[in-house]
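The structure displayed is predicted, hence computed values, not measured ones.
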Amino acid sequence: MMFTNDKPIFQQMADRLSDEILANVYHDDDRIPSVREYAVTLEVNTNTAVKAYEQLARENIIYNKRGMGYFITPGAREQILKERRQAFLKQQLPELFRQMKLLGLDLKDIETAWAEDGKKEKYS
């Protein structure tokens, strides 16, 4: 995984695991990799992975079964979707609108780009 400087690594790891939940890699009550396994996979310190898992547990995205590992909390996908949609609407969309106005783009331009992107995914 390529990490950026805009967020702490543990936060980026938590985001990645949330992305995997959204992509249906993991489902309700699925066991996820252990802290050590995830740290090795992403080539980070185990303590960093612990912080990511602790954050997700605090957010009720994952839960720990003592001696068995971490599992996806039922309803976690819907929770992540709700939170990310709200963040997108409040944080990213206003900047997108600003850029569209500056560049003279309208919703038809976006619809065209969206349709083209959909065609690429079908045939890739």
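Note: Thr48 OG1 to Gln12 CD = 11.0 Å, rounded to the nearest 0.5 Å. Separation of atoms OG1 (Thr4) and CD (Gln11) is listed at 10.5 Å; rounding is to 0.5 Å. The distance from atom CD1 of Ile32 to atom CD of Glu20, rounded to the nearest 0.5 Å, is 9.0 Å. Taken to the nearest 0.5 Å, the NZ atom of Lys119 stands 11.5 Å off from the CG atom of Asp117. The CZ atom of Phe3 sits 5.0 Å away from the CG atom of Leu42 when rounded to the nearest 0.5 Å. Here the straight-line distance linking atom CG of Asp106 with atom NZ of Lys101 works out to 12.5 Å at 0.5 Å rounding.
Exactly one residue among Val35, Leu17, Leu56 makes a side chain to side chain contact (heavy atoms under 4.5 Å, CB included) with Tyr70. That residue is Val35.
Taking Ile, Leu, Val, Met, Phe, Trp and Tyr as hydrophobic and joining them when side-chain heavy atoms fall under 4.5 Å apart, one finds Phe88 in a cluster with Leu89, Leu93, Leu96, Phe97, Met100, Leu103, Leu105, Leu107, Ile110. Here Tyr63 sits in one hydrophobic cluster together with Met68, Phe71; the rule is ILVMFWY side chains under 4.5 Å apart, joined directly or through other members.
When the side chains of ILVMFWY residues are joined at heavy-atom separations under 4.5 Å, either directly or via intervening members, Val25 and Tyr38 end up in a single hydrophobic cluster. Met13 and Leu22 fall within a single hydrophobic cluster, where Ile, Leu, Val, Met, Phe, Trp and Tyr side chains are chained together by heavy-atom contacts under 4.5 Å.
Counting heavy atoms of neighbouring residues, nucleotides and ligands inside a 6.0 Å radius, atom CD of Glu95 exceeds 12 of them. Annotation for Arg31: atom CZ counts as buried by contact number, over 12 foreign heavy atoms lying within 6.0 Å.
Using a distance-only test at 3.5 Å, with no hydrogens or angles considered, no donor-acceptor pair links the side chain of Glu59 to the main chain of Gln79. Using a distance-only test at 3.5 Å, with no hydrogens or angles considered, no donor-acceptor pair links the side chain of Thr73 to the main chain of Ala76. Of the possible donor and acceptor atoms, none in the side chain of Asp15 sits under 3.5 Å from a partner among the backbone N and O of Ser18.
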| message | Set out, in order, the CA-CA distance, both residues' side-chain angles and the distance that settles salt bridge (charged side-chain N to carboxylate O under 4.0 Å, His left out) for Asp29 and Lys65, then state yes or no. | response | CA-CA 11 Å; Asp29 293 313; Lys65 284 187 182 178; over 6 Å; no
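For the ring pair (Phe, Tyr, Trp, His ring centres under 6.0 Å) condition, no pair includes a residue of residues 8-30, sequence neighbours left out.
Shortest non-hydrogen contact noted between Ala14 and Ala52 is N-CB, 4.0 Å.
A heavy-atom distance below 4.5 Å is not found between the side chains of Glu37 and Val40. Put simply, the side chain of Lys51 does not reach to within 4.5 Å of the side chain of Asn45, judged on heavy atoms.
Salt bridge absent: Lys82 and Glu78 never bring a charged side-chain N and a carboxylate O closer than 4.0 Å.
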